[in-house]
Amino acid sequence: MVYDPSGFELDPGQKRVIRWTLYVGYIALLAGIFHGLAQALSYARIDILGYFPGLRGYYQGLTAHGVANAIIFTFSFANGFLPLMTARATGRQLVRWLLWLSFGLLVLGNVLVIYAVVSNKASVLFTAYAPLKAHWTFYVGLALVVVSTWAASANMFITLARWRREHRGARIPLLAYISVFSYAMWDMASVPIAVSFLGLLTPWSIGILPKIDPLLTRTLFWFTGHAIVYAWLLPAYVSWYALIPRQVGGKLISDAYARMAFLLFLVLSIPTGLHHQYTDPGVSPVMKAIQGVLTFGIMVPSLATAFSIMAALEIGGRAKGGTGLLGWIRKLPWSDPSVVAQLLAMLTFVLGGATGLVNASYVMNQVVHNTTWIPGHFHMTVGSAVALTLMGVAYWLIPYLTGKGLWGSKLAVASSWIYTIGVLIFARGMISAGLEGMPRRIYRARAAYNDPAWDLGGTLTGIGGTLMFVGIVLFFVVIAMTILAGKRGGAPADVPVSETLTAPSLDGWEVHLDRIGLWVGVALLLIALAYGPFFVMYFPARFISPGFTGF
Ligand code: HAS
Ligand code: CU
């Protein structure tokens, strides 16, 4: 028997906290896109930085863009969405005080980060590389955001544990399983960054620690930093696996296959961070090569996802009368804004994944590292697979949480198309110019050195970036109008949870997929093997570098 608590309603007070948690994220998205536009136009040699009131420099704006869009937007969404999914899947209320704690820490963290960035005391970009030094409020603020994700996880673990006590021998509902696994992975992954931010960078920023070890803090950053991209991606995958099949009238093909994908993310996401440091001196090439191989391993669950989701979509398209090899694609609900955004997100992610393959290849990485190829890659992953999915989810989730019907459905569909066309042009520009050696993280409009070979790519980047900006602005028009003027009664009454073709089995090997403790243990073992030798060989740490605050 599959456990199905349909008819379950989350307490209105809890719904409200979740709604505001999500609002924090969407506001961060809005706040971050202005500098995104400035950066994209700069590659086309158009300079609009002077129009930003109060902005004191390019790196200040780029820090705001990265932190707001890649970190605050994504984690605020996950903090609201994943506990909500766990509650819906288990048919249980969440732990109220933990919801509030998570929300409070998120807001407090944001206030500190905003202070640091707006006052131009933390123009160190989202990677916070030492010896660039930020004000302590930046490190502590981001650490508080991390702690807010731990509170959200604790809420999910407790809710699930209570459900399991009442349902001994039952399989964990799939939606709860994949939600909990997403944050279980992140909980392990986020420890190194918390240690680095609170244990090293904050004392150094305050002056207790006179000098810093750049390579150690950088390695701790990437220890968390590759897995962080899956912490952004997995909430989107939760929607693709558990909700989208239902939204297109299909079914998920296999329960066990879905669980295995999330299990592989739990085990493999973390011991791969050194692929961001292939060019760093001071890290053994053997360690880099081991983590390079593991990086190819972490592509497997995404490849598996492509097949699984494609099959679910095909079932939906054929159920609606689609025939032939590809005829089912036309029958997908292309007028449903939530579905369209996510289908376009998936299609873009195929290219995001392909560019990731290049990055991961030890030798090819030398060609693309620190060029605009990399932002080309990550705008087709976090900038569209994730961002567009989170926008698509908003098109049913905000109505569900507010009780107001979606305003401007056609405009919503248009916004996703505009955004996607924009991101593809943008990425085409960044990728081709990157291959010509155009550096990332420069303000080309004011750069002293410019190569004419970058002109075409730069111009495409500017055009694409402008379309992306327009797409997101339209998204905000739709959401703001829904909140302000959406019709009462037009909202979905329930989360669109999918069925699977085959129910989870109650005996046989599949039941072992639910042994969360066991898989966390395997993950920790692999992490120890992949990172242990680095730290053993590296210590004692080298606190040799003074801080730089060249802004
Ligand atoms: Fe990455 C750099 C390797 C995925 C984000 N990445 C970055 C940075 C960011 C980022 C932000 O190995 C820059 C960090 C910085 O500031 O320096 N990345 C990979 C690999 C993957 C990958 C191997 N990245 C992501 C995801 C991200 C993300 C996901 C955000 C969410 N990345 C790298 C490497 C670097 C890097 C190196 C360092 C580069 C350097 O030198 O600095 C893989 O996980 C990708 C696997 C994905 C796939 C695609 C599967 C496709 C699916 C869609 C199916 C479509 C369907 C559509 C069903 C294999 C699931 C059907 C629709 C119809 C209509 C029919
Ligand atoms: Cu990575």
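Please read all numbers here as calculations on a predicted model, not as lab measurements. All ligand and atom numbering here is 1-based and tracks the order in the structure.
- Protein heavy atom in closest approach to atom 14 (C) of ligand 1: Trp222 CH2, 3.6 Å.
- A side-chain donor-acceptor contact under 3.5 Å links Asp213 to the backbone of Leu216.
- For ligand 1, the atoms sitting less than 4.0 Å from at least one non-hydrogen atom of Thr295 are 23 (C), numbered in the order shown with element in parentheses.
- The nearest protein atom to atom 31 (C) of ligand 1, hydrogens excluded, is given as Val229 O, 3.3 Å; this is a heavy-atom distance.
- In this structure, Trp186 has its ring center closer than 6.0 angstrom to the ring center of Phe75.
- His275 contributes atom NE2 as its closest N/O/S atom to the Cu ion (ligand 2).
- Between His226 and His275, the ring planes lie perpendicular to each other; the angle is over 60°, past the 30° to 60° tilted range.
- The ligand atoms of ligand 1 that sit less than 4.0 angstrom from a heavy atom of Ser302 are 46 (C), 47 (C), 48 (C), 50 (C), 59 (C), 60 (C).
- Close contacts of ligand 1 with Asn365, meaning ligand atoms under 4.0 Å from a residue heavy atom, involve 39 (C), 40 (C), 41 (O).
- Atom numbering of ligand 1 starts at 1 in the shown order; those under 4.0 Å from a heavy atom of Phe126 are 16 (O).
- Not less than 6.0 angstrom separates the ring centroid of Tyr443 from the ring centroid of Tyr59.
- In this structure, the protein non-hydrogen atom closest to atom 63 (C) of ligand 1 is Leu347 CD2, 4.0 Å.
- Ring orientation note: the planes of Phe221 and Phe197 are close to parallel, at an angle under 30° on the 30°/60° scale.
- Closest to atom 3 (C) of ligand 1, if we only count protein heavy atoms, is Gly356 O, 3.6 Å.
- Comparing Thr381, Leu326, Ile329 against atom 27 (C) of ligand 1, the shortest heavy-atom distance belongs to Thr381.
- Taking only nitrogen or oxygen atoms, main chain and side chain alike, Tyr129 does not reach within less than 3.5 Å of ligand 1.
- Considering backbone and side-chain N/O atoms, Thr305 never comes within less than 3.5 Å of an N/O atom of ligand 1.
- Looking at heavy atoms from C-beta onward, Met430 lies in side-chain contact with Tyr43 at the 4.5 angstrom threshold.
- Atom numbering of ligand 1 starts at 1 in the shown order; those under 4.0 Å from a heavy atom of Leu303 are 59 (C).
- Screening Ile114, Thr63, Leu201 for a side-chain contact (heavy atoms from CB on, under 4.5 Å) with Phe138, the sole residue that qualifies is Thr63.
- Here the side chains of Tyr139 and Trp204 are in contact, with some heavy-atom distance below 4.5 Å.
- In this structure, Ile253 and Ser308 have side chains that are in contact, with non-hydrogen atoms separated by less than 4.5 Å.
- Looking at atom 9 (C) of ligand 1, its nearest protein heavy atom turns out to be Phe378 CB, 3.3 Å.
- Regarding atom 45 (C) of ligand 1, its nearest protein heavy-atom neighbour is Gly353 CA, 3.8 Å.
- The nearest heavy-atom contact from the protein to atom 21 (C) of ligand 1 is Tyr230 OH, 3.8 Å.
- Geometry note: the Cu ion (ligand 2) is the vertex, His226 ND1 and His276 NE2 are the arms, and the angle is 130° (rounded to 10 degrees).
- Of the listed options Met380, His369, Met346, Met346 places a heavy atom closest to atom 56 (C) of ligand 1.
- Below 3.5 Å of separation, one finds an N or O of Ala360 facing an N or O of ligand 1.
- Residue side and main chain included, His377 places an N/O/S atom under 2.8 Å of atom 1 (Fe) of ligand 1.
- Separation of the Phe265 and Tyr237 ring centroids falls under the 6.0 Å cut-off.
- Only the side chain of Val386 comes within 4.0 Å of ligand 1, judged by heavy-atom distances.
- With hydrogens and angles disregarded, no donor-acceptor distance shorter than 3.5 Å links the side chain of Ser338 to the backbone of Tyr395.
- Listed by number with element, the atoms of ligand 1 under 4.0 angstrom from any heavy atom of Val382 are 30 (C), 31 (C).
- At least one heavy atom of Tyr237 lies less than 4.0 angstrom from ligand 1.
- Comparing heavy-atom distances from atom 16 (O) of ligand 1 across His226, Arg440, His276, Arg330 singles out Arg440 as nearest.
- The neighbour count for Arg446 CZ, taken as heavy atoms of other residues, nucleotides or ligands under 6.0 Å away, is above 12.
- Contact of the Phe476 side chain with the Tyr26 side chain is registered, since non-hydrogen atoms from C-beta on lie closer than 4.5 Å.
- Of all the atoms in ligand 1, the ones that sit under 4.0 Å from a non-hydrogen atom of Leu233 are 29 (C).
- For the pair Phe426/Met468, a side-chain contact is recorded, criterion being any heavy-atom separation below 4.5 Å from C-beta on.
- Gln247 contributes no side-chain N or O that, together with a main-chain N or O of Pro496, makes up a donor-acceptor pair within less than 3.5 Å.
- Listed by number with element, the atoms of ligand 1 under 4.0 angstrom from any heavy atom of Ile374 are 13 (C), 39 (C), 40 (C), 41 (O), 42 (O).
- Remark: the backbone N or O of Ala412 is paired with a side-chain donor or acceptor of Ser415 at under 3.5 angstrom.
- For atom 51 (C) of ligand 1, the closest non-hydrogen atom of the protein is Phe349 CD2, 3.7 Å.
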